[in-house]
Amino acid sequence: MKRKDYISWDEYFMGVAILASKRSKDPNTQVGACIVDNNNIILSTGYNGFPFGCSDDDYPWCRDGEDTKYSYVVHAELNAILNARGKNLKGARLYVDLFPCNECAKAIIQSGIAEVVYLYDKYADSAATVASKRMLQSAGVACRKFTSDKKSLSIDFEK
Ligand SMILES: O=c1[nH]c(=O)n([C@H]2C[C@H](O)[C@@H](COP(=O)(O)O)O2)cc1CO
Ligand SMILES: [Zn+2]
């Protein structure tokens, strides 16, 4: 008889997104994304980080002041889209822990992604998130909050 406590597709892909976020060097907000096709095959992953060649040690991670991370960081969703390296994303699903900003929404829409599954929406009141939701809705991209009866999943490196 098959085991019963296997994880759902949503838990699997949100888990991959969260695992990708663990690569982020951002001290304040770590974001991860995972793009999946209609056959539940992972097409790409990404997390928020600086572009290739721009060292995590040379560029700023601060939020305030003259020179901040906001000028340099590539968002998790855009990184996942770019990491797909031109694969066809039409009809794909994007799992991301933080609700996408307006700039990522533009890339999501233009790449043909059909659905966004997100975990939390801590900047819901920001102009960027309001604009993002407006565009995603106009473009017919479905947005749904992740749900699960589990609070957490754990990974062991020792068996
Ligand atoms: O959609 C997003 N995707 C994404 O990867 N990010 C990244 C950019 C920054 O590195 C970090 C946000 O930083 P902070 O919460 O300190 O403002 O999250 C931020 C957003 C904005 O919602
Ligand atoms: Zn973004």
Side-chain angles (χ1 to χ4, degrees), residues 9-37 42-148 151-153 155:
W9 286 119
D10 273 2
E11 288 163 349
Y12 175 35
F13 299 129
M14 189 57 82
V16 170
I18 293 167
L19 197 57
S21 79
K22 306 281 186 206
R23 284 281 309 151
S24 175
K25 318 302 182 305
D26 191 317
N28 195 53
T29 305
Q30 303 82 41
V31 187
C34 176
I35 303 175
V36 174
D37 74 8
I42 294 175
L43 300 174
S44 185
T45 61
Y47 59 88
N48 54 327
F50 297 141
F52 292 128
C54 304
S55 165
D56 291 310
D57 299 317
D58 298 340
Y59 282 75
W61 276 116
C62 54
R63 313 177 74 215
D64 305 300
E66 258 183 27
D67 197 24
T68 69
K69 65 182 175 182
Y70 299 109
S71 299
Y72 308 108
V73 75
V74 184
H75 287 191
E77 306 90 315
L78 184 60
N79 251 336
I81 290 168
L82 296 172
N83 288 344
R85 296 263 193 252
K87 279 182 202 164
N88 184 6
L89 304 184
K90 195 139 191 68
R93 292 192 320 281
L94 180 136
Y95 290 80
V96 60
D97 40 5
L98 179 59
F99 194 95
C101 74
N102 60 318
E103 291 300 330
C104 289
K106 295 173 193 175
I108 289 166
I109 293 165
Q110 296 304 77
S111 66
I113 289 170
E115 186 177 26
V116 171
V117 185
Y118 65 97
L119 190 64
Y120 73 122
D121 193 9
K122 72 169 168 174
Y123 295 128
D125 297 333
S126 71
T129 305
V130 172
S132 171
K133 287 176 183 164
R134 181 178 178 186
M135 287 187 284
L136 291 168
Q137 188 175 13
S138 296
V141 178
C143 293
R144 125 175 108 81
K145 192 168 172 12
F146 171 84
T147 55
S148 166
K151 274 201 152 174
S152 65
L153 283 177
I155 294 172

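In listed order, ligands and their atoms are each counted from 1.
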(request) In plain terms, say whether D97 and K122 are close enough for a salt bridge, that is, a side-chain N and a carboxylate O under 4.0 Å apart. (result) no
(request) Answer yes when K133 and D121 have at least one side-chain N-carboxylate O distance shorter than 4.0 Å, and no when they do not. (result) yes
(request) Please work out which of the three classes, parallel, tilted or perpendicular, describes the rings of F50 and W61, given edges at 30° and 60°. (result)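 Geometry flag for F50 against W61: parallel rings.
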(request) Let me know which of T29, N48, D56 forms a side chain to side chain donor-acceptor pair (under 3.5 Å) with S24. (result) N48
(message) How wide is the angle at the Zn ion (ligand 2) spanned by C101 SG and H75 ND1, rounded to 10 degrees?
(response) 100°
(request) For ligand 1, would you mind listing the residues that have at least one heavy atom less than 4.0 Å away, ordered by chain and number? (result)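 Answer by chain and number: D26, N28, T29, V31, N48, R63, K69, Y70, V73, H75, A76, E77, L98, F99, P100, C101, K122, Y123.
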(message) Whether the Y70 and R63 side chains hold a donor-acceptor pair (N or O, under 3.5 Å, no angle test) is what I'd like checked.
(response)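 Side chains of Y70 and R63: pair found under 3.5 Å.
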(message) If you count every heavy atom of other residues, nucleotides or ligands that lies below 6.0 Å from R134 atom CZ, does the total exceed 12?
(response) no
